[in-house]
Amino acid sequence: MTKPRKIRLSTTPSPEDLAALKLGDIVYLDGLMYTAREGVYMRALEERANIPMELPRDSAANFHCSPAATINPDGTFRMGAVTATSSFRFAKWIGEWLEKSGAKLIIGKGGMAPEVYRKHFVPHGAIFLTTVGYGTGALLGRGVENVEAVHWREELGLAQAMWVLKCNEMGPFIVASDLEGNCLFERENAKIAPGYAALYEGTKPAVMKRYGETDDRSDEVIG
Amino acid sequence: MTPISLIQSTAETLMDKAAIEIPDDYLTGLKKAAEVEDGDLSSFVLQAMLENYEAAKEDRRAMCGDTGCPRWYVKMGNEAQVEGGPCALETALRRATANATNGVPLRPNRVHPLWRTDHDNNVGINAPEIEFAFEPEGAWIDLTTVHKGGLFGTDYRMLFPSDGLEGIRRFYLDTLIAFGKRGLACQPAIIGIGLGGSKDTCMVLGKRAACLRTVGDRNPDPKIAAMEEEFIELGNSIGMGAMGFVGKSMVIDCHIEVGYCHTGGMQMSMHAFCLSSRRACARIHADGRVEYRTDPQWFTPYLRRETVEWEGLSVAAE
């Protein structure tokens, strides 16, 4: 068993930094990161609201996250645990978001479909980092040095607001896609798939079928 | 008579414990899985989770950023009495949920399904769920909170007697594989299976099987216990591990609960209690003593009773 490589990376990484990353590398982040998920995407892309940060100068790292955090009566923030939400659900916005925000790191849970990497990530020189577990909420919470701001808190609520986090060796994350659009989860699925036939031997489909089903276990039922 | 203030303060402590402290039975199960896991990435993931549990306890912060949907299971001895009655009890649990959401803090996950209204306190219409059960003897009240992750790893299917055991195996594998890819189910998990009942009962039984029984516990029916053991083995032989990486740790334990169903059907539900299997319990005795534990002791012989009468229970005749 080989141990994965561990690498520290800036949240405003250079193209060379990104080119050096391999699928399965373990990454720890330094710098500013912002949370943005469906609420922020809809507000910025569909309602055309002005993004309250200078992107990607301030940060090129978009985290699909709602933190377990609260705002104190004096306006300061208390950050508890931090983990990501499943990213495949944000495919419809990601191309336009990469274009508009200049993000180079999309950080979330479980990566996105390989076609999304090839169509949107590769042309924008971006990669996907997945959280680990899931989820190592306490470890990631330790990596948040400070909450710099919470934008759109009134408009979107605490869970969907745009949290700006200052990260200090925040991790672990795993490299789930590279600059060529290779997909870690696709690679793992392909290794597991040959065993399915033996696993299902002797079973037969349910007597009553359901619409829209697949019997191909190599098919991912997402996206 | 149990004072309502004691119920609320105990409930607040339970909210904190559930979010922060991984129960010992799950931790022991995961450590065993980590010892045998030989996939490079799966193994790294399990080690990271073990470190994470320690970090959560040291820092007193929630173990996972998605703190799930808090819910309550209340069990009362037949002689238990609550100050203010059952409605006061429900109010105390709703208050405790809201206070702990800001106190721990937890993520305010609960929103209106259509308007996405968020009260930022995990309380709303029909939330948190509060479910009740009773035991024939005692004046105690057991409070259990479970903070179950909400989105993946759960499914239901109406199977029929002609689908047989093979049909159950197939749906079990289908659900593990569909939600196991990319680790959406946050496995390795405690898998709960509900069989029979009606659709709603089947879902309830499966969820309780996952959340209210501890790792290592077996169903008292020896044939069902054998199925549970077979299913642990089957799930761990898929070739998949944590996060859907190549590995062998999908299932920490499998619990099956049954309910009598329509003669033509064989309902089945599947539930996955994830890497953050959050549950905490306390017994509040009539004299005010509070004992904390992590085993809900929910499924008792009385709860699984087979027939009409229950020995030792005196019910007034009509």
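Letters go in sequence order (proteins before strands), and every chain restarts at 1.
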Working for side chain to side chain contact (heavy atoms under 4.5 Å, CB included), residues A/K6 and B/F44: CA-CA 11 Å; A/K6 294 188 182 180; B/F44 172 81; 4.1 Å; yes
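- Residue A/T130 touches chain B through its side chain alone, counting heavy-atom pairs closer than 4.5 Å.
- Side-chain contact between B/D66 and A/T85 is absent, with no heavy atoms from C-beta onward closer than 4.5 Å.
- Residue contact with chain A, scored on non-hydrogen atoms closer than 4.5 Å, is absent for B/Y53.
- Residue contact with chain A, scored on non-hydrogen atoms closer than 4.5 Å, involves the backbone and the side chain of B/S237 alike.
- Within the 4.5 angstrom heavy-atom criterion, no atom of A/I71 approaches chain B.
- Neither the backbone nor the side chain of B/C274 comes within less than 4.5 Å of any heavy atom in chain A.
- The contact between A/P67 and chain B is made entirely by backbone atoms, counting heavy-atom distances below 4.5 Å.
- Classified by interplanar angle (parallel below 30°, tilted 30° to 60°, perpendicular above 60°), the ring pair B/F245/A/F185 is parallel.
- Using a 4.5 Å cut-off between heavy atoms, A/T214 makes no contact with chain B at all.
- You'll find the side chain of A/L184 reaches within 4.5 Å of the side chain of B/L41, heavy atoms only.
- Contact annotation for B/M243: both backbone and side-chain heavy atoms come within less than 4.5 Å of a heavy atom of chain A.
- Note that CD of A/E220 is 4.0 Å distant from CZ of B/R182, once rounded to the nearest 0.5 Å.
- The side chain to side chain contact (heavy atoms under 4.5 Å, CB included) test applied to B/M266 returns B/L159, B/D163, B/I168, not counting sequence neighbours.
- Contacts from residues 198-210 of chain A to chain B, taken as heavy-atom pairs separated by less than 4.5 Å, involve A/L199, A/Y200, A/G202, A/T203, A/K204, A/P205, A/A206, A/V207, A/M208, A/K209, A/R210 in sequence order.
- Taking A/R78 as the reference, A/T70, A/N72, B/P105 meet the side chain to side chain contact (heavy atoms under 4.5 Å, CB included) condition, with sequence neighbours excluded.
- B/R107 places a side-chain N or O within donor-acceptor distance of the main-chain N or O of A/S66, the cut-off being under 3.5 Å.
- Salt-bridge formation is detected for the pair B/D120/A/R153: a Lys NZ or Arg NE/NH1/NH2 atom is positioned less than 4.0 Å from an Asp or Glu carboxylate oxygen.
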When you look at A/D219 and B/K181, which way does the salt bridge (charged side-chain N to carboxylate O under 4.0 Å, His left out) test go after all the steps? CA-CA 10 Å; A/D219 186 12; B/K181 286 197 168 118; over 6 Å; no
Return a table of donor-acceptor pairs under 3.5 angstrom between the side chains of residues 110-122 of chain A and protein atoms on other chains or two or more places apart.
| unit_1 | atom_1 | unit_2 | atom_2 | d |
| --- | --- | --- | --- | --- |
| A/Y117 | OH | A/M112 | N | 2.9 |
| A/R118 | NE | A/G181 | O | 3.4 |
| A/R118 | NH2 | A/E186 | OE1 | 2.8 |

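- The line from OG1 of A/T136 to CG of B/L50 is 12.0 Å long, rounded to the nearest 0.5 Å.
- With a 4.5 angstrom heavy-atom cutoff, B/R60 does not touch chain A via any of its atoms.
- Proximity to chain A involves both the backbone and the side chain of B/D174, based on heavy atoms less than 4.5 angstrom apart.
- Atoms CE and CG, on B/M63 and A/L139 in that order, are 12.5 Å from each other to the nearest 0.5 Å.
- Counted within 6.0 Å of CD on B/E233, heavy atoms from surrounding residues, nucleotides or ligands total 12 or fewer; the atom is thus considered open.
- In this structure the side chain of B/L173 never reaches within 4.5 angstrom of the side chain of A/Y196, judged on heavy atoms.
- Contact tally against chain B (heavy-atom pairs below 4.5 Å) for A/A81, A/G39, A/C65: the top residue is A/A81.
- Contact annotation for B/S162: both backbone and side-chain heavy atoms come within less than 4.5 Å of a heavy atom of chain A.
- Here A/R142 is the residue among A/R217, A/K3, A/R142 with the most heavy-atom pairs under 4.5 Å with chain B.
- Residue B/F179: no heavy atom, backbone or side chain, is found under 4.5 Å from chain A.
- Between the B/R61 side chain and the A/G80 main chain, a donor and an acceptor come within less than 3.5 Å of each other.
- Rounded to the nearest 0.5 angstrom, B/L151 CG and A/S86 OG are separated by 7.0 Å.
- Between the side chain of A/K109 and the main chain of B/L184, a donor-acceptor pair closer than 3.5 Å is present.
- For B/D118, the part lying near chain A is the side chain, with the backbone staying farther off; criterion is any non-hydrogen pair under 4.5 Å.
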